[in-house]
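All chains are named by letter (A, B, ...) in the order of the sequence lines, taking the proteins before the strands, and each is independently numbered beginning at 1.
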2 protein chains.
Amino acid sequence: MAKKKKTTIKDIANVLNISPAAVSKALHDDSRISKKTKKAVKQVAKNLNYQPNHLASALRKGKSNLVGVVVPRTNSNFFSSVIQNMEEVLNKEGYNIIITQSNESFKKECDNIDTLLFTQVDGIIASMANETVDLSYYEKVKSKGIPLILFDRGENDLNVDYIGINDYDSSHIIVEHLVKQGCKRIAHIGGYRHTRIFNNRIRGYIDALKKHNLPLDDELLIESSLTTEDGREKMLQLLALEKRPDAVYVAGDYAALGALQLLNEKDIKLPQEIALVGFGNEPFAAMVKPSITSIDQHSAEIGKQAAKVFLEHAKKDTINQSLNKIILKAELVIRDSSRLK
Amino acid sequence: MAKKKKTTIKDIANVLNISPAAVSKALHDDSRISKKTKKAVKQVAKNLNYQPNHLASALRKGKSNLVGVVVPRTNSNFFSSVIQNMEEVLNKEGYNIIITQSNESFKKECDNIDTLLFTQVDGIIASMANETVDLSYYEKVKSKGIPLILFDRGENDLNVDYIGINDYDSSHIIVEHLVKQGCKRIAHIGGYRHTRIFNNRIRGYIDALKKHNLPLDDELLIESSLTTEDGREKMLQLLALEKRPDAVYVAGDYAALGALQLLNEKDIKLPQEIALVGFGNEPFAAMVKPSITSIDQHSAEIGKQAAKVFLEHAKKDTINQSLNKIILKAELVIRDSSRLK
DNA sequence: TATATTTGCTTAAACGTTTAAACAAATATA
DNA sequence: TATATTTGTTTAAACGTTTAAGCAAATATA
């Protein structure tokens, strides 16, 4: 069986004995085409099962109507929810998205960006890998004049649009909550400082401790890759301290889960002996025993806003120099792991 | 700031005073181009920061080098692992993938397929939504002569390539394991029967019970949407029975998690009072307390095989009528939730 | 030395669409 | 009646690449 060749505008034109141009215009409801012709064209198009060739129109129009997305991974509720909402907004405007995952690898992230540029995407929406410190690849995108929007994991140094939550404030909200529960020795298992959001969470943690006149103890502040495995390990480290903390604020839910497992295994009572707070409000935070208090990052909103910012750019034919830096207020979802009173 | 216009093959040709055709050939290492010219072309290409226009070459060559992927969702470890491995294999051969999510909605699934066809993908690799019973959209893809490969959730009726595990056998393995642990009243919270894989798991469950001379009790076989929430509910239903089961085999890990939570809340001892087995080996299965015994579906292998099958098709210019139906043997990962001896 | 082959390039058409410009016919305006 | 405008269409070029066919010069073969 040979491959069928697809029907083109030309085929429709031949059937009706009109020019391809007329067909194209009829299909786009051009005002200069008669109703009669439009009707006939659409009928024939349907009969022949015509599907427009996106490549050809993209080439001619100079835009692909594709938006590239780069995320560290898709199998986290946060990213998949961001993507889903982003997609919804973009689809409505005729854009499709190409999703790529970096798996937290800088190399893969660069490859992904190359791939996306090669595919002629009209814009890139990205959240950077944990590893990423060298921003030259992002400069490359910028230098091509392609709209670049970062979310969650971004960098202030790069002069690009950004959508995220206020990490500094989030730490304040968490510490405040723990203080209210009566905790006095609050530890922080944070992410790597070179990633802006994690640095902000650490700064917020430190400043919030000061604000509540709690002593800052170096032992209680640990940097972590924030995987489940590393969460266990860092928790073990905290338990080994002479003066154990009475609360642990973990900068990611997966690591918080690891910490929780360890505490459960050691039969340490949550929240009585140690209160636990995570970050990200992954669905499992509500499902584990005890359920984990966590920060909700408004993933849906972030996705929608990112898409909207891209669309703003896309509508202008010159690069918009006015930057959008959208900072959403995060929300603390209080659950059993930290509910003392 | 105006948009920069990208350098094309023509620009390179102008610099070197040769024809665009020569440049194209030089870039593709055509044997008829001299080493000297090739070197010069590549140097100039680099200097001008040339990036090939994928749309133009795709249009000319009649293929986009894009593969469309349709999954129910990306935020499950199974699907994201399948995708990641698929991507790796395809990238090596110069293909990129477009990921779309159906969110288990039939309507969204159809939209996604339309989108992919519109984007001129060279093939589609899909796993169907729970809801999907009408297969006409898949027929549409087939009728276009575009390679279509299904994995995990597929349909035997559709004459297409398929990669998945042996669900029927998996049920046997699970029941056998539970019988070995001494269980005598094994319940099954299954998926919807109209989805082939779930039907196979149910058939396997029934036949395995017969094989071990266990009575088949209608009360013990329940269909479910297999969400965490529904897992709780169906477990509750089982607990309400006059004669409770001593083991529950849940056809999905998320639902198994819901069941586990409920059992934990009711202080029912696992595995002593009720043994629990899930399906899918999601990472959390190992992380919860007690850890859940589950079936590993070899997601990496499925992803790689699906990609390979697509590549086989892509290499031929006619539709290959010989079908690949690859059935992998699943592996039971035994954990605390069912370890009695 | 005459002829064949190879090398290294050019020309031109093609992929399927869009769109500016042109144009004839119909209709409106003076 | 002569001129202007509107309507409905066609023509042709363009988007950036690839590729079959052609051709001149260099080299090999007889």
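- Here the P atom of nucleotide D:dT7 and the NZ atom of A:Lys36 are 17 Å apart, to the nearest Å.
- Taking the ring centre of B:Tyr162 as origin, the terminal cationic atom of B:Arg196 falls inside the region bounded by 6.0 Å and 45° from the ring axis.
- The existence of a salt bridge linking B:Arg153 and B:Glu104 is confirmed by a sub-4.0 Å separation between a basic side-chain nitrogen and an acidic carboxylate oxygen.
- Taking the six-membered ring for Trp and thresholds of 30 and 60 degrees, B:Phe78 and B:Phe151 have ring planes inclined between 30 and 60 degrees apart.
- For A:Asp111, the salt bridge (charged side-chain N to carboxylate O under 4.0 Å, His left out) test picks out A:Lys107, with sequence neighbours left out.
- Using a 4.0 Å cut-off on heavy atoms, the residues of residues 16-24 of chain A that approach DNA chain C are A:Ala21, A:Ser24, listed by number.
- Counting only heavy atoms from C-beta outward, the side chains of A:Val67 and A:Val121 never approach each other to under 4.5 Å.
- Put simply, CD1 on B:Ile33 is 15 Å from C1' on D:dA25, counting in whole angstrom units.
- Defining each end axis of the helix from C:dT1-D:dA30 to C:dA30-D:dT1 as the rotation carrying four pairs' C1' atoms onto the next four, with five pairs an end, the two axes are found to diverge by 50° to 10 degrees.
- Listed for the B:Asp161 side chain is a donor-acceptor partner under 3.5 Å among the backbone atoms of B:Asn324.
- A salt bridge links B:Asp29 with B:Lys42; the closest basic N to acidic carboxylate O contact falls under 4.0 Å.
- The minimum heavy-atom distance between B:Ser19 and B:Ala13, with the atom names listed, is C-CB, 3.8 Å.
- Judged by atom type and distance alone, A:Lys25 reaches the base of D:dT10 through a side-chain donor-acceptor pair under 3.5 Å.
- Residues from residues 37-56 of chain A lying near DNA chain C, meaning a heavy-atom separation below 4.0 Å, are A:Tyr50, A:Pro52, A:Asn53, A:Ala56 in numerical order.
- Classification of the B:Tyr95-B:Phe310 ring pair by plane angle, with boundaries at 30° and 60°, yields perpendicular.
- The outermost nucleotides of DNA chain C lying under 4.0 Å from heavy atoms of chain B, listed 5' to 3', are C:dT7 to C:dG16.
- A pairwise comparison of heavy atoms in A:Ile302 and A:Gly164 identifies CD1-CA, 4.2 Å as the closest pair.
- Under the side-chain contact (heavy atoms from CB on, under 4.5 Å) criterion, A:Asn49 pairs with B:Lys144, sequence neighbours left out.
- Under the 3.5 Å distance criterion, with hydrogens and angles disregarded, a donor-acceptor pair is assigned to the side chains of A:Asp134 and A:Ser136.
- Within the 4.0 angstrom heavy-atom criterion, base atoms lie near A:Leu59.
- Ionic pairing of A:Lys140 and A:Asp114 is present here: one or more N-O contacts between side-chain nitrogen and carboxylate oxygen are shorter than 4.0 angstrom.
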